Number of protein chains: 2
Amino acid sequence: MKPATALPAQKNTRASDISDSQLRGLFGYNLKRSFSALQVDLLEVLSKFDLRMVPFSTLVMIVENPGLRQSQLADALAIERPNLVVVLDALERRELITRDRVPTDRRAYALRATLAGHQLFEKAYRAVQTHEARYLDRLTTAEREALSSALNKIRATFEETGE
Amino acid sequence: MKPATALPAQKNTRASDISDSQLRGLFGYNLKRSFSALQVDLLEVLSKFDLRMVPFSTLVMIVENPGLRQSQLADALAIERPNLVVVLDALERRELITRDRVPTDRRAYALRATLAGHQLFEKAYRAVQTHEARYLDRLTTAEREALSSALNKIRATFEETGE
DNA sequence: ATATAATAGATATGCAACATAACTATAATA
DNA sequence: TATTATAGTTATGTTGCATATCTATTATAT
């Protein structure tokens, strides 16, 4: 490979004055960094219940929508059906949910949470709410509403064309 | 495995009325869904420049901070040093950046963008700004400020303890 | 009625993001 | 000068996410 030359006559950056204002000027970058930081804490909270983000969301959806089909669930969570299968396998192995045969459609399964599943949901959901309060408490009501509305608009912007 | 039984007497959820209000009540979930939707669009924009999110961020940082060391860069981007190595390898192979020996510390490399690197940065950064305008234009000034402030508070909440 | 197409779920597989342990070479320090 | 720490690298593993393809079953189209 021929040696690519850097632009000449550039002052070196010293350790002290590293700047990321170009990236900080991008909304998406801030969104990613904030979410990543939040996620570390959330994963720690969920780990007490042997859950990760997708299995937790899955359990929440099944508790809220008993009898749900796997395809419907994958759709609602915006995850691929093959990936949901392994998540459900794990939840079923832990006897948190059941896959019940649907009499009217023998291809499909109706998903339901067991008693243990409901109990785990209650505890985990409350723990997540506590985790959320950690940062939501620092926001003003106006900020919370603006944030909520902004996130919805962002989602709407990209999901309307993307789906 | 003994058959786990679902809770009895539950009305099945019909296709039409699947609800995700429990998840929507969680801020982190909305954040994740919005970011995922945004990311699809962003990746498409970056793909025109043969870039992904981390290589793009890396290039931006090197352009803004010529002479930067790899460790400093990994720190600033909050990515692991080993993962940065392969990103830099690829950028160097494309002659977008150079790794220059540092005379005062022969372990270290000073990272600099080549002319091609600067040019790609200019084009890609503008394209990303256009992408961002797609959703930022739909937000009110108040929403934009609240979102910005909220994201910073979220990051502060979790990075102050986490680092 | 039967052939064809579509759907529900599962399996296999691959890529990308991210993390850790351990190595080489240098530099800092005790 | 011996020890420790640091910069970069290599190897490797895990998780998240996507696609192609398979089966069993159901819907539809002639």
Side-chain angles (χ1 to χ4, degrees), chain A residues 15 29 32-33 35-40 42-44 46-47 50-58 62 67-93 97-111 162-163, chain B residues 13 15 18 29 32-33 35-40 42-44 46-47 50-58 62 67-93 97-111 162-163:
Chain A
Y29 184 75
K32 180 183 164 60
R33 289 295 296 266
F35 178 68
S36 295
L38 182 158
Q39 196 180 26
V40 170
L42 177 56
L43 285 177
E44 202 181 320
L46 289 176
S47 74
D50 257 297
L51 288 172
R52 300 185 63 80
M53 294 192 60
V54 171
F56 169 74
S57 310
T58 301
I62 295 174
L68 194 66
R69 310 297 160 82
Q70 296 185 196
S71 324
Q72 297 173 327
L73 181 49
D75 255 28
L77 291 175
I79 66 179
E80 297 303 317
R81 283 175 288 268
N83 297 326
L84 181 59
V85 169
V86 304
V87 172
L88 293 174
D89 285 348
L91 292 176
E92 193 182 29
R93 233 179 293 119
I97 64 157
T98 58
R99 286 197 251 220
D100 303 345
R101 278 281 173 206
V102 176
T104 57
D105 187 343
R106 286 167 51 197
R107 293 169 302 181
Y109 292 106
L111 302 170
E163 283 185 4
Chain B
T13 299
I18 292 168
Y29 184 76
K32 181 183 164 57
R33 289 295 297 266
F35 177 67
S36 296
L38 182 157
Q39 196 181 26
V40 170
L42 176 56
L43 285 177
E44 201 181 320
L46 290 176
S47 74
D50 256 299
L51 289 171
R52 302 184 62 78
M53 294 192 58
V54 171
F56 169 74
S57 309
T58 301
I62 294 174
L68 195 65
R69 309 297 160 81
Q70 297 185 195
S71 325
Q72 297 173 328
L73 181 50
D75 255 29
L77 292 175
I79 66 179
E80 297 303 317
R81 282 176 290 269
N83 297 328
L84 181 58
V85 170
V86 303
V87 172
L88 293 174
D89 285 349
L91 292 176
E92 194 182 26
R93 232 177 297 118
I97 64 158
T98 57
R99 284 196 254 222
D100 303 343
R101 278 282 173 204
V102 176
T104 58
D105 187 343
R106 286 166 52 198
R107 295 169 300 182
Y109 291 106
L111 302 170
E163 282 185 3

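In the text below, chain A, chain B and the rest are named by the order of the sequence lines, each starting its count at 1. Just so you know, these numbers use all the heavy atoms, side chains as well, and skip hydrogens, waters and symmetry mates. Keep in mind that this is a model prediction, so the values were computed, not measured.
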Stepwise side chain to side chain donor-acceptor pair (under 3.5 Å) check, A/Arg101 with A/Tyr109: CA-CA 5 Å; A/Arg101 278 281 173 206; A/Tyr109 292 106; 2.9 Å; yes

Closest contact, heavy atoms only, A/Pro103 versus A/Arg106: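 Minimum heavy-atom separation between A/Pro103 and A/Arg106: O-CG, 4.3 Å.
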
Specify the separation, in whole Å, of atom [atom1] of [X] and atom [atom2] of [N].
| X | N | atom1 | atom2 | value |
| --- | --- | --- | --- | --- |
| A/Asp89 | D/dT15 | CG | P | 15 Å |
| B/Phe35 | D/dC17 | CZ | P | 11 Å |
| B/Glu80 | D/dA7 | CD | P | 14 Å |
| A/Leu43 | D/dG16 | CG | P | 8 Å |

Most 5' of B/Ala108 and A/Asp105 on DNA chain D, judged by nearest nucleotide: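 Nearest nucleotide further toward 5': that of B/Ala108.
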
Contact interval (first through last nucleotide) of DNA chain C with protein chain A, 4.0 Å heavy-atom: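 The protein-touched segment is C/dA6 to C/dC18.
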
Heavy-atom check, side chain of B/Thr98 versus side chain of B/Glu92, under 4.5 Å: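 No, their side chains stay 4.5 Å or more apart.
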
Distance-only donor-acceptor test (3.5 Å): side chain A/Arg106, base D/dT25: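 Flag unset: no donor-acceptor pair detected.
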
B/Val85, nearest nucleotide to its side chain (from D/dT25, D/dG8, D/dA5):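 Shortest atom-to-atom distance from the side chain points to D/dG8.
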
Nucleotide of D/dC17, D/dT9, D/dT6 approaching B/Arg107 most closely (side-chain heavy atoms):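 The nucleotide sitting nearest to the side chain is D/dT6.
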
Within residues 73-83 of chain B or reaching into it, pairs that qualify as side-chain hydrogen bond (donor to acceptor under 3.5 Å, both in side chains) - sequence neighbours excluded: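 Those involving residues 73-83 of chain B do not exist here.
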
